[in-house]
Amino acid sequence: MRKIKSYLSLIGLMLILLICYPTIVKAQDEVPEYFQPVVLELEQHYQDILDFNPDALQGTRYLSNLLQDNFYGPAVELKYALHDWNQNGTPELYVGFNDEGGRGVLSYIFTYDGTEVHDLEGTPVVFTNRGNLYFRSDGLINAFFSGSHAGGNSLVQFDNQDNPVQLSSHNYIFLDGRNFQNTETGEPVTEEEYDAIYSPEGEEGVDIHQNFNWTILGSNGDVADTSGNQEQSSDTNQLDNAEGLMEDSTAYLQKLRELNENWLQVYNDHQAKGTWTFDEVLALPSENYSLSRGYHPIVESLQTVLNTTLNEMANAPRGSNYIPESRHLYSILMDTFVIEKRLAPELNKVSNEAINQLRLRAFDALRDYNYQEYQLTGILSYEFLENFLASYNQEMTAVIELDDVSFDHFNRIAISDGMAVEMIGYMNSVDYMPSNELLDSQLNYPINEYQNYIMRTNKLAQDISAVRLYYLHIPTGEMIYMPLGNYSPHPLEEPDYATIYGLDIANHYPEYQAINSNTNHQSMSESGSFSAEALASFMQSWGVEMGQVYQSYTPEQPVDFYGAVIPQQEFKIVVDGQEYQVIYGESSSDQIISDNHLYVDAVYSDISDTVNPSSERHLYLFVVGPGQPRVLISMTAPDDRGYLHFSDTANMALYNGFLNMIN
């Protein structure tokens, strides 16, 4: 929380640079004469900036500090815009980037004092892809920041001398929802009080990156107008963030997390204002989601299929156990999330917003239709779905709180099997789980090489036939599922989206990075050893690549990770729901241990990292044996028993690096 507070203080500092609604100059020939040398240097050093080559900028007149603390990469586009923040007739020049996920990152601001151009107050601006500024219609500015497990807002206005006055500042954490407190006083704040301050009457405000008109600088000095107000042609509307496909898995996960967070906010705002009945949804007019207006063609297709399904439901027999229509509407909702995961780099902001609006219609129609059928029939299937829909806010919150490994695995299940965790949730435990002996006879590899997930894939089902046990083989990414009670392995099968929606829907989700080693699964079960110096060197270089700083910890010098002090010589943790007794120290193959023991050979964490602006911190346990070498990760505070919860890392570069140094 101290890091959030520090970060929000920095956000407050940067707000001296911005004022309410912008007046943007778009083309280079409209840039004031005094700023044109800056733009010229940006053009000349375009590739050096994107390649993060600060040495090439040394000796420049304006850019020598551009790639210092205020750069957040990697970036694929360099951009600038003009805006008179203090309304004194002299605009400021804003320099920023678009990252690999299509998100804007504000990096530097230049001003003109009537004599010379300089960076504003000599203050660099740190602005990560987890934060943003929103300009409200009442003249106030909301600085928003959200990490995986924490976030915060600051609200600022300007006085008559254009000085910033911070009206409020709050932080929060994601546990069972949002728990707010005042950043300065530590006093708790209710959700109603919080929303009244930062989003009165549901107002979000103008987004600095999505609503400002930026000029993209290309190689050789080319510029491309990125006005968000003009109609896009069918040749150019695809799509405002599709040029840099998010091949990097971290960027892709981050984008999908943001889409889920945006959807939950839209859902909550709609709930607060009042939901629609089934008949009200039927009466809503269709929107113009045409290609010429900048929408991805899947949006119009989704609307067509949704309208057809709603009309079928309106004409279907009522008051019976005949429920294919409900299942079809439920499947459309499921498809919106799977399609979003597949097409994320192709979907621009207006397309994402349109999908959320279609979801609201489908969600309210399904809920009211289901409620009416439940009242008429009392059939358990309708009650099961009713209970899920009634707790949907908590279900989505749990999805948003998933660690990166589990979130990645659930995404791969969705893309491969059409089962989106956002519409079915997941289960932490279930009765009648198969025994290890049974699994050994059904799986291709030893059970300890698999990650297991339990999902109820049909909320309308009245028996255990809808519960699937998914098994992902960590070294290869191979996935199968077993029906509960059957326990026979089945391959995952994608739905035929092309037939349903009349479009070929690409899949841009990053391919699974299989573990490349010269060992097979049998030799992986053997114990080994590694050099502590080699691991330390590797963690230093790998941390630089990740933008993180890691330290090693031992029982003599343990780490305080959100209140849990580890490692000790012996301590307990939870791995994927199972409790383990952990023994720290070098392990050997002749040690005989039970299934609920782990030997941890090294512990690393970035909890003391003071450089990385992200609120996320990581704790890694390196396990050599006995058993399969593993790298376990935790990113959350301990539970009420004081136990940290871990899972296997999904970062194959880290896993392979550790695996390769084991002899």
Residue set satisfying side-chain hydrogen bond (donor to acceptor under 3.5 Å, both in side chains) with W263, at least two apart, ordered chain then number -> Y392
How about [X] and [Y]: does a side-chain donor come under 3.5 Å of a side-chain acceptor?
{"X": "Q254", "Y": "Y252", "result": "no"}
{"X": "E312", "Y": "T309", "result": "no"}
{"X": "D576", "Y": "N452", "result": "no"}
{"X": "R257", "Y": "N260", "result": "no"}
{"X": "D408", "Y": "Y509", "result": "yes"}
{"X": "N348", "Y": "S351", "result": "yes"}

Between F337 and R359, is there a cation-pi geometry (under 6.0 Å to ring centre, at most 45° from the normal)? yes
Charged N to carboxylate O under 4.0 angstrom, K273 versus D269? no
Sidechain N-carboxylate O distance under 4.0 Å for K255, E340: no
Y470 (side chain) donor-acceptor with Q451 (main chain) under 3.5 angstrom: no
Can you check whether E287's main-chain N or O pairs, donor with acceptor, with Q303's side chain at less than 3.5 Å? yes
Determine all donor-acceptor pairs shorter than 3.5 Å in which one atom belongs to a side chain in residues 274-281; sequence neighbours excluded.
from: T277; atom 1: OG1; to: E280; atom 2: N; distance (Å): 3.1
from: E280; atom 1: OE1; to: T277; atom 2: N; distance (Å): 2.8

Salt bridge (Lys or Arg N to Asp or Glu O under 4.0 Å): pairs with one or both residues in residues 295-306, sequence neighbours excluded: none
Aromatic ring centroids of F410 and Y453 under 6.0 Å? yes
